[in-house]
Amino acid sequence: MLRGGSGTLTSQLKRKDDRVILHFDYDCFYAAVFEAENPALKSLPLAVQQKQIVVTCNYEARRRGLRKLQLITEAKRVCPDAVIVLGEDLTKFRDASKALYNFLRAFAWSDRAERLGFDEVWLDVTDLIDYNVQMLNQNDLTNSFFQLSSTDPTLGFLFDASTYAGSVFPFKTATDSDAELASDEMLSTRLRLGSHLAFHIRLQMEEQYGYTATVGISTTKLVSKLVGNVNKPKNQTTLVPPYDGIDANTSNILAFLDPHDIGRIPGIGFKLAQKIREYVLSRPAQFDAGLVYGGTKEHITVGQCRQLPGLDVALLDKILAGTGTPHGIGAKVLGLLHGIDATEVSQARNVPKQISIEDSYLRLDTIKELLTQLHSLSERLITRMRIDLTESLDPPTPAQGVEQVQGLSDDKWKWLAHPPTLRLTTRPRLPLNADGTRQRSFKRISRSTATPSFIFSQTDTTEMLAERLVKESLLPLFRKLHPEKSGWNLSLLNVAVTGMADEGKGGAGRDIGAMFKTAPVREEDLLGPTSSGDSATDEEEQIVATVQDDAEVDTWEDQDDESTEIDDRCPLCGASIPVFARLAHERFHSADNAQGGTTMYVKE
DNA sequence: ACGAAATAG
DNA sequence: CGTTCTATTTCGT
């Protein structure tokens, strides 16, 4: 690294706002799942119980004083007529989450659709947005049509492209609007379209599935996630430009982020936050000793950190240093403090990378009980594998209402992935000290081995397979972890299969036809190496693109100077089209797009 | 590849 | 019992 020019703060930070990213957060998801199966619950105060606490509750319940993470006894005292349902079996939540994810995924032409937990999803809708920006008629923005498909022009919705749908940050006045457009008109247009797309998706999600969501709209994963929180539930917030000012007065990104506690920034977890606080305070940061989790802390804001004297990559690297801290952490965190986050929304996957089942115990110190627990965990693991890693091979049963666990019927099915690794994790309870006290520890230890192929049997019962798995694989792993004949005492067991790859991808299982159907043509795709768009880990599959005879393809900038008041001009060919013929004309171009071109296979 | 740790919901 | 359980990513070896 050179000193001088290349070491300055501004040279270390470079905004790149060429994406449109939506972040969905389903409103009180667990409660919503119960409401979806029993809509009568919607008007009642509803709380979902796990162990002795309310894990979530609907907004009627919150209105009556119930809170997340409240003790059940407290909840009953505050609101005696609350409906309290047990939510310890996660199956239905997982199923609903998967269904909603697949619904949302269909809107991302890039198939960049990333789930976080059960109730959050990011969509990178850049290509869909850019396609629609090209389609805009600048002379009649208020009567725009959003194309959800590049091949079926009837698929979409009417919208007003001159305004944002839903809420915006910051609250806007008419004069702000001019400043915004002057700052970056293209970015504003794209975000407006993003806001209308988000609005449409929210409506469809409620109509088709009965779920409401809170959405954030911006250009990065970081900001889209955070800005959604500004208006909730059942709402959305777009962070409007300007994005690239140098301080909170000129950049809405900085104005938005500055009041946030650093610990609220995704990517700055407990450890990093404590280190930053310690530096800012010039002493160790304390956290509330009373409660361990959600632990209270000293309030250090992004704005405070951002304005630290001498703050740059090198300083942050020094502040955050330690064994195991990620390389480049200084640059990463400096970016986050400025609302810069180049992280890509990851490609949708057909299977998870890992499945693990665990349980915790007060005391687990006998072989007999160990075998019982390992067996139980193994059965649950194999059941989950048969749900999440298999696919039915019977094509002529399209809409079968209820999914069934593979292995219990005569249906033909196949494995979608064969996890190569089996792992056993334990959490030992530390031995008693001399004074009779015992220090708590949450340290885990693990050993892994090759997954035995018998667990992929399609004929044996989970019971038989679990029996064999314990005897042949898990017990040997356990002996590696705990060689002593006795004396161990565990507070946790975890059994996992890991390393799953999307085996269907790029090969037989992948529906190339579907990609062809929805992928728009973009000239950038055909020219350079699109700066890779990264995804370094995934081997790239074949990309199908269409090449148009470009003879008379114009871009919308070229034409449309003056247009008549009565007719619209086609944004593609400039022809004057009466309103009633508009859809048909758009269909003409789409057909041209899909069929008139040459199919080209690009191998990376 | 393996095992630990950090992060997140 | 006390945050539990689950998943992803990254580091060091």
Side-chain angles (χ1 to χ4, degrees), chain A residues 23-26 28-30 49-56 68-72 87-91 93-94 97 114-122 221-222 225-226 229 262-275 290-295 320-329 332-333 336 343-347 349 351-364 377 380-381 384 388 419-427 429 438 440-451 477 480-481 489-500 536-537:
Chain A
H23 176 265
F24 289 78
D25 190 335
Y26 314 137
C28 35
F29 180 59
Y30 284 11
Q49 175 181 8
Q50 280 177 353
K51 304 296 172 84
Q52 283 313 303
I53 57 175
V54 172
V55 288
T56 193
K68 281 182 179 175
L69 305 184
Q70 211 169 25
L71 284 171
I72 289 293
E88 288 173 5
D89 180 354
L90 304 184
T91 308
F93 307 136
R94 190 154 41 227
S97 175
E114 180 176 347
R115 193 158 61 132
L116 181 57
F118 284 169
D119 68 341
E120 292 182 36
V121 174
W122 280 279
K221 286 180 69 179
L222 169 76
K225 177 180 165 88
L226 285 176
N229 294 325
I262 46 166
R264 297 290 312 277
I265 303 302
I268 302 182
F270 180 77
K271 300 274 188 177
L272 293 181
Q274 285 297 92
K275 286 180 180 172
L291 282 178
V292 183
Y293 196 74
L320 302 174
T323 66
T325 42
H327 295 134
I329 190 68
K332 172 80 186 167
V333 170
L336 294 178
T343 316
E344 293 278 359
V345 177
S346 56
Q347 289 283 337
R349 297 181 53 90
V351 293
K353 293 184 171 174
Q354 171 185 323
I355 298 173
S356 79
I357 305 288
E358 72 183 38
D359 211 342
S360 52
Y361 312 92
L362 269 164
R363 167 193 188 90
L364 182 57
L377 293 171
R380 289 161 62 196
L381 179 67
R384 273 288 303 284
D388 289 346
T421 307
L422 174 75
R423 187 182 63 211
L424 176 67
T425 305
T426 68
R427 189 177 66 196
R429 286 168 67 86
R438 192 200 302 275
R440 281 190 322 169
S441 164
F442 292 97
K443 289 219 187 314
R444 293 169 174 227
I445 51 178
S446 68
R447 292 294 182 273
S448 55
T449 187
T451 305
L477 286 177
K480 274 207 220 174
L481 282 165
N489 185 359
L490 311 176
S491 60
L492 176 137
L493 284 176
N494 176 306
V495 182
V497 285
T498 71
M500 281 89 87
T537 51

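To find a chain, count down the sequence lines: A is the first, B the second, and so on, and within it residues start at 1.
Phosphate proximity of dT4(C) to Lys51(A): absent, as no side-chain N or O sits under 4.0 Å from OP1 or OP2. Applying the 4.0 Å criterion to OP1 and OP2 of dC5(C), one finds that Ser360(A) has a side-chain N or O inside that range. At dG12(C), none of the side-chain N or O atoms of Thr323(A) fall inside 4.0 Å of OP1 or OP2 (strictly under the cut-off). For the pair Ser446(A) and dG3(B), the criterion of a side-chain N or O lying under 4.0 Å from OP1 or OP2 is not met. For the pair Lys225(A) and dG9(B), the criterion of a side-chain N or O lying under 4.0 Å from OP1 or OP2 is met. In this model, the phosphate group of dT8(C) is not approached by any side-chain N or O of Lys353(A) to a distance below 4.0 Å at OP1 or OP2. Under 4.0 angstrom from either OP1 or OP2 of dA7(C) there lies no side-chain N or O belonging to Arg94(A).
A donor-acceptor pair is defined here as one N or O able to donate and one able to accept, closer than 3.5 Å; such a pair exists between the side chain of Asn489(A) and the backbone of Leu364(A).
Using a 4.0 Å heavy-atom criterion, one finds that Ile265(A) contacts the sugar-phosphate atoms exclusively. Heavy atoms of Gly269(A) sit under 4.0 angstrom from primed sugar atoms or phosphate atoms, though from no base atom. Among the atoms of the strands shown, none is found under 4.0 Å from any heavy atom of Pro420(A). Using a 4.0 Å heavy-atom criterion, one finds that Arg447(A) contacts the sugar-phosphate atoms exclusively. Among the heavy atoms of the strands, none lies under 4.0 Å from Asn494(A). Within the 4.0 angstrom heavy-atom criterion, no nucleotide atom of any strand lies near Gly499(A). Residue contacts shown for Gln50(A) are absent, as no nucleic acid heavy atom lies under 4.0 Å away.
In the set dA7(C), dT6(C), dG9(B), the nucleotide with an atom closest to the side chain of Ile355(A) is dA7(C). Closest to the side chain of Pro266(A), out of dC5(C), dA8(B), dA6(B), is dA8(B). With distances taken from any side-chain atom of Glu358(A) to the nucleotides dG9(B), dC2(B), dC5(C), the minimum falls on dC5(C). Residue Lys271(A) has its side chain nearest to dA6(B) when only dT4(C), dA6(B), dA4(B) are considered. For Leu116(A), taking side-chain heavy atoms from C-beta onward, the closest of the listed nucleotides dG12(C), dT6(C), dA8(B) is dA8(B).
Nucleotide dT7(B) holds its P atom 10 Å from the CG atom of Leu320(A), rounded to whole Å. In this structure, Arg115(A) atom CZ and dT8(C) atom P are separated by 9 Å, rounded to whole Å. Put simply, CG on Leu377(A) is 16 Å from P on dT4(C), counting in whole angstrom units. Distance, Gln354(A) CD to dT6(C) P: 11 Å, rounded to whole Å. Atom CZ of Phe29(A) and atom P of dC5(C) are 20 Å apart (whole Å). The distance from atom CG of Leu71(A) to atom C1' of dG2(C) is 11 Å, rounded to the nearest whole Å. At whole-Å resolution of the value, CZ in Arg349(A) and C1' in dT6(C) are 16 Å apart. If you measure from atom CG of Leu364(A) to atom C1' of dC1(C), you get 13 Å, rounded to the nearest angstrom.
Applying the side chain to side chain contact (heavy atoms under 4.5 Å, CB included) rule to Arg115(A) yields the partners Ser97(A), Tyr101(A), Phe118(A), Val121(A); only residues at least two apart in sequence or on another chain are considered. Partners of Asp388(A) according to the salt bridge (Lys or Arg N to Asp or Glu O under 4.0 Å) rule, which considers only residues two or more places apart in sequence or in another chain, are Lys98(A), Arg384(A).
A residue-by-residue look at Ser346(A) and Leu90(A) shows that Leu90(A) has its nearest nucleotide of DNA chain C further toward the 5' end. Comparing Pro326(A) and Arg384(A) along DNA chain C, the residue whose closest nucleotide (by nearest heavy atom) sits nearer the 5' end is Arg384(A).
The one candidate from Leu422(A), Thr421(A), Thr451(A), Ile355(A) that meets the side chain to side chain contact (heavy atoms under 4.5 Å, CB included) condition with Thr498(A) is Thr421(A). Of the candidates Ser446(A), Ser491(A), Ser441(A), Arg427(A) forms a side chain to side chain donor-acceptor pair (under 3.5 Å) with just one, namely Ser491(A).
In the model, Lys221(A) has no side-chain atom that pairs as donor or acceptor with a side-chain atom of Ser346(A) under 3.5 Å.
In summary, Glu358(A) and Arg380(A) do not engage in a salt bridge, as defined by a charged side-chain N under 4.0 Å from a carboxylate O.
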